Amino acid sequence: MGAEYIPVLLLGALAFAFAVFSVTLATLTGPKRYNRAKRDAYECGIDPTPQPMGGGHFSIKYYLTAMLFIIFDIEIVFLYPWAVSFGLMGVFALVEVILFIVTVFCVYLFVWRRGGLEWD
Amino acid sequence: MNPVEQSMIENEQTLTLFGHDPVWLSIIKVVGVFALLVILVLFTIWLERRVVSWMQQRIGPNRVGPQGLLQSLMDGFKLAFKEEIFPTAADKMVYILAPILSCVPAYMAWAVIPLGPEVSMFGVSTPLQVTDFPVALLYMFAIASMGIYGIVLAGWASGSTYPLLGGLRSSAQMISYEIAMGLSFVGVFLFAGTMSTSGIVNGQIDLWFGLMLIPSFVIYTIAMVGETNRAPFDLPEAESELVGGFHTEYSTMKFALFFLAEYINMLTVSAIATTLFLGGWRAPWPISLWDGANEGWFPIIWFLAKMFIFVFIFIWLRGTLPRYRYDQFMRFGWKVLIPASIAWILILAVIRTLDVEGTWSHTALIAIGCGVIFMLILFFVRSRVGKKERKKFVDEHPIERDYKPFAGGHPVPPLPGQHHVPVTRKSNVIEGTTEEVNEEVRGG
């Protein structure tokens with residue numbers, strides 16, 4: 001048991017080695033011509049907008065999307081084992097999943113009605 | 001023993017093929033997949049440039065190598081010899097880490113893609129697939145989400161406005177479409193009874209899931225375009241709005257890694273689509289009549305051919321469709337794809353129950369799928385969604401009916417309710433009056 005997971009790690013290690021090699025390559029091969037303007041943030045030639053501490057403010061929408069994502073991702077995680085072993089459980093599984101999905105769907109409708117899915 | 005238990009036992013038997021490779025063989029397979037991916041990415045970039053050129057009546061790269069095939073390789077070399085730039089405002093550690101985080105998961109996803117049946121490799125019989133395990137697609141799903149970290153961190157660590165916006169958009173977009181994508185898998189698991197990729201390929205010997213579960217297939221195909229940030233859903237790198245999106249501040253091979261990751265992801269979702277819906281490496285119908293089609297090394301050809309159909313669709317979409325607006329895009333994901341997939345799962349659960357009880361045939365399922373898709377097309381063709389909004393907008397914003405194309409001194413498009421004034425051409429106008437007419441059109 002577990003031997004089938006080893007190639008995954010091998011592939012990961014190879015990809016990681018390649019990525020690290022690529023990232024460090026430029027320090028060895030590239031020219032070094034310092035210029036302060038090069039190192040400014042790129043904003044089409046104008047002076048860059050100063051960044052507030054901590055990267056600035058994000059719209060609350062992004063956090064909301066992230067939280068909704070967690071709700072639905074957990075739903076998916078519950079649905080996967082259900083789908084795989086569905087054949088063994090028959091009608092019981094059907095009734096249970098209808099109850100489950102209806103519950104999640106109520107949450108979804110609530111979010112929709114409260115404007116959680118509106119973007120402007 | 002009922003057919004469901006039968007198929008479960010078969011699935012377990014398929015899985016016993018994996019995990020017995022000697023280490024040297026595993027290393028050969030891993031290096032093989034790695035090399036295959038690099039070559040496929042270089043080829044795909046070339047293909048995309050050539051196909052888009054062809055669609056736009058241009059020629060595209062044709063100088064380096066035969067038909068320009070070596071162009072992307074040379075571009076890679078060029079990037080390797082560029083100057084390394086660290087923006088002053090960047091968080092240096094995260095800035096370097098981000099491309100690595102984006103590239104490694106992209107490669108790792110290919111560990112479970114089945115490329116072919118059992119073949120003999122250096123005297124050892126082994127499946128043409130790096131590895132497989134009972135939760136292969138869950139692993140794939142997890143590793144695909146890891147790639148989002150790379151993009152978000154790249155946007156954040158650059159210390160610049162456009163990358164930050166691009167990174168945020170990208171994360172919101174990818175997590176939104178991942179839900180639809182994950183829900184579209186459920187139908188396949190219901191009928192395959194397994195999450196291992198080789199088991200799913202075996203489950204499609206008689207009938208592809210793509211034909212059996214048409215709505216799941218359609219939802220997956222839409223979600224995969226959103227998930228890979230490709231046109232028409234390429235909002236994170238909308239050139240006209242965000243310069244280059246999350247990778248604006250990147251140069252050298254660090255940029256190349258993002259590029260590589262994007263193209264590998266495109267190949268990955270195409271490979272998943274092939275595996276889940278188009279029968280994986282099994283030969284399509286007319287070829288499958290030939291007995292040797294599903295044996296030895298041939299299946300890799302069928303697999304790549306099916307995969308490149310999806311890649312071509314990606315390129316085709318890019319050559320055809322304009323970019324979505326952000327709110328339209330999010331609305332489509334959350335208000336159309338997600339409820340549609342949930343409803344479809346409920347329908348499938350009922351059908352599957354009847355199927356297990358033995359009172360149902362797959363033909364009926366195909367008919368239902370076609371019916372659902374037909375209804376959807378009908379709905380979109382006759383839909384009043386956009387029209388209603390437009391009417392509301394016109395009612396709320398009473399505007400002058402006469403349209404001035406150069407109001408305020410710069411060209412403006414007509415608002416809803418306004419119409420273009422016919423263009424005055426010299427040939428339509430009597431000699432000498434052209435200037436006056438043009439003045440009138442400009443609004444004085």
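Labels below follow one simple rule: chain letters A, B, ... track the order of the sequence lines, proteins then strands, and each chain is numbered from 1. Note that the structure is predicted; figures quoted are calculated from it, not measured.
- Under the 4.5 Å side-chain criterion, counting only non-hydrogen atoms from C-beta, Thr353(B) is not in contact with Phe92(A).
- At a 4.5 Å heavy-atom cutoff, the contact between Tyr326(B) and chain A is made by side-chain atoms alone.
- When heavy atoms are compared at a cutoff of 4.5 Å, Leu257(B) approaches chain A solely by way of its side chain, counted from C-beta outward.
- With rounding to the nearest 0.5 angstrom, the CD1 atom of Ile6(A) is 11.0 Å from the CD1 atom of Ile27(B).
- No side-chain heavy atom of Lys82(B) sits less than 4.5 Å from a side-chain heavy atom of Thr29(A).
- The closest side-chain heavy-atom distance from Thr252(B) to Leu25(A) is not below 4.5 Å.
- Expressed to the nearest 0.5 Å, how far CD of Glu4(A) lies from OG of Ser26(B) amounts to 11.0 Å.
- When all heavy atoms are compared, the tightest approach of Ala111(B) to Val8(A) is CB-CG2, 3.9 Å.
- A heavy-atom distance below 4.5 Å is found between the side chains of Ser176(B) and Thr65(A).
- In this structure, no portion of Leu79(B) lies under 4.5 Å from any heavy atom of chain A.
- Interface remark: Ile85(B) contributes side-chain atoms only to the contact with chain A (heavy atom separation under 4.5 Å).
- Closest approach of Ser22(A) and Met253(B) over heavy atoms only: O-CB, 3.2 Å.
- Of all heavy-atom pairs between Leu14(A) and Val31(B), the closest is CD2-CA, 4.1 Å.
- Checked against a 6.0 Å centroid threshold, the rings of Trp334(B) and Phe69(A) do not count as neighbours.
- The contact between Asp132(B) and chain A is made entirely by backbone atoms, counting heavy-atom distances below 4.5 Å.
- Here the side chains of Phe105(A) and Pro339(B) are in contact, with some heavy-atom distance below 4.5 Å.
- Heavy-atom pairs under 4.5 Å with chain B were tallied for Val111(A), Val77(A), Thr24(A), Leu10(A); the largest tally goes to Leu10(A).
- In this structure, Thr131(B) and Tyr5(A) have side chains that are not in contact, with every pair of non-hydrogen atoms separated by 4.5 Å or more.
- Environment of CZ in Phe86(B): crowded, with over 12 heavy atoms of neighbouring residues, nucleotides or ligands closer than 6.0 Å.
- Summarising the local packing, NZ of Lys32(A) is surrounded by more than 12 heavy atoms from other residues, nucleotides or ligands at distances under 6.0 Å.
- Closest of all the heavy-atom pairs between Val97(A) and Ala349(B) is CG1-CB, 4.3 Å.
- Annotation: Phe18(A) is in aromatic contact with Phe34(B) [ring centroid separation under 6.0 Å].
- Residues from residues 135-142 of chain B that place a non-hydrogen atom less than 4.5 Å from a non-hydrogen atom of chain A comprise Val135(B), Leu138(B), Tyr139(B), Phe141(B), given in numerical order.
- The minimum heavy-atom distance linking Val23(A) with Pro99(B) is given by the pair CG2-CG, 4.4 Å.
- Counting heavy-atom pairs closer than 4.5 Å to chain B, the top-ranked of the candidates Asp73(A), Leu9(A), Thr27(A) is Thr27(A).
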Show the numbers, then the answer: is there a side chain to side chain contact (heavy atoms under 4.5 Å, CB included) between Phe185(B) and Tyr80(A)? CA-CA 8 Å; Phe185(B) 288 174; Tyr80(A) 278 6; 3.2 Å; yes

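- For CZ of Phe100(A), the number of neighbouring non-hydrogen atoms (other residues, nucleotides, ligands) closer than 6.0 Å is greater than 12.
- Looking at Leu348(B), there are no atoms closer than 4.5 Å to chain A (heavy atoms on both sides), in backbone or side chain.
- Put simply, the side chain of Trp82(A) reaches to within 4.5 Å of the side chain of Val186(B), judged on heavy atoms.
- Listed here is the closest heavy atom pair of Pro7(A) and Val130(B): CB-CG1, 3.5 Å.
- Leu97(B) is linked by a side chain to side chain contact (heavy atoms under 4.5 Å, CB included) to Leu101(B), counting only residues two or more places apart in sequence or in another chain.
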Quick one: do Phe72(A) and Ile342(B) satisfy side chain to side chain contact (heavy atoms under 4.5 Å, CB included)? Show the steps, please. CA-CA 11 Å; Phe72(A) 282 96; Ile342(B) 291 178; 4.2 Å; yes

Criterion side chain to side chain contact (heavy atoms under 4.5 Å, CB included) on Leu11(A) and Lys29(B), from CA distance to verdict: CA-CA 9 Å; Leu11(A) 188 58; Lys29(B) 279 186 182 178; over 6 Å; no

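- The side-chain heavy atoms of Tyr107(B) and Phe16(A), taken from C-beta on, include no pair separated by under 4.5 Å.
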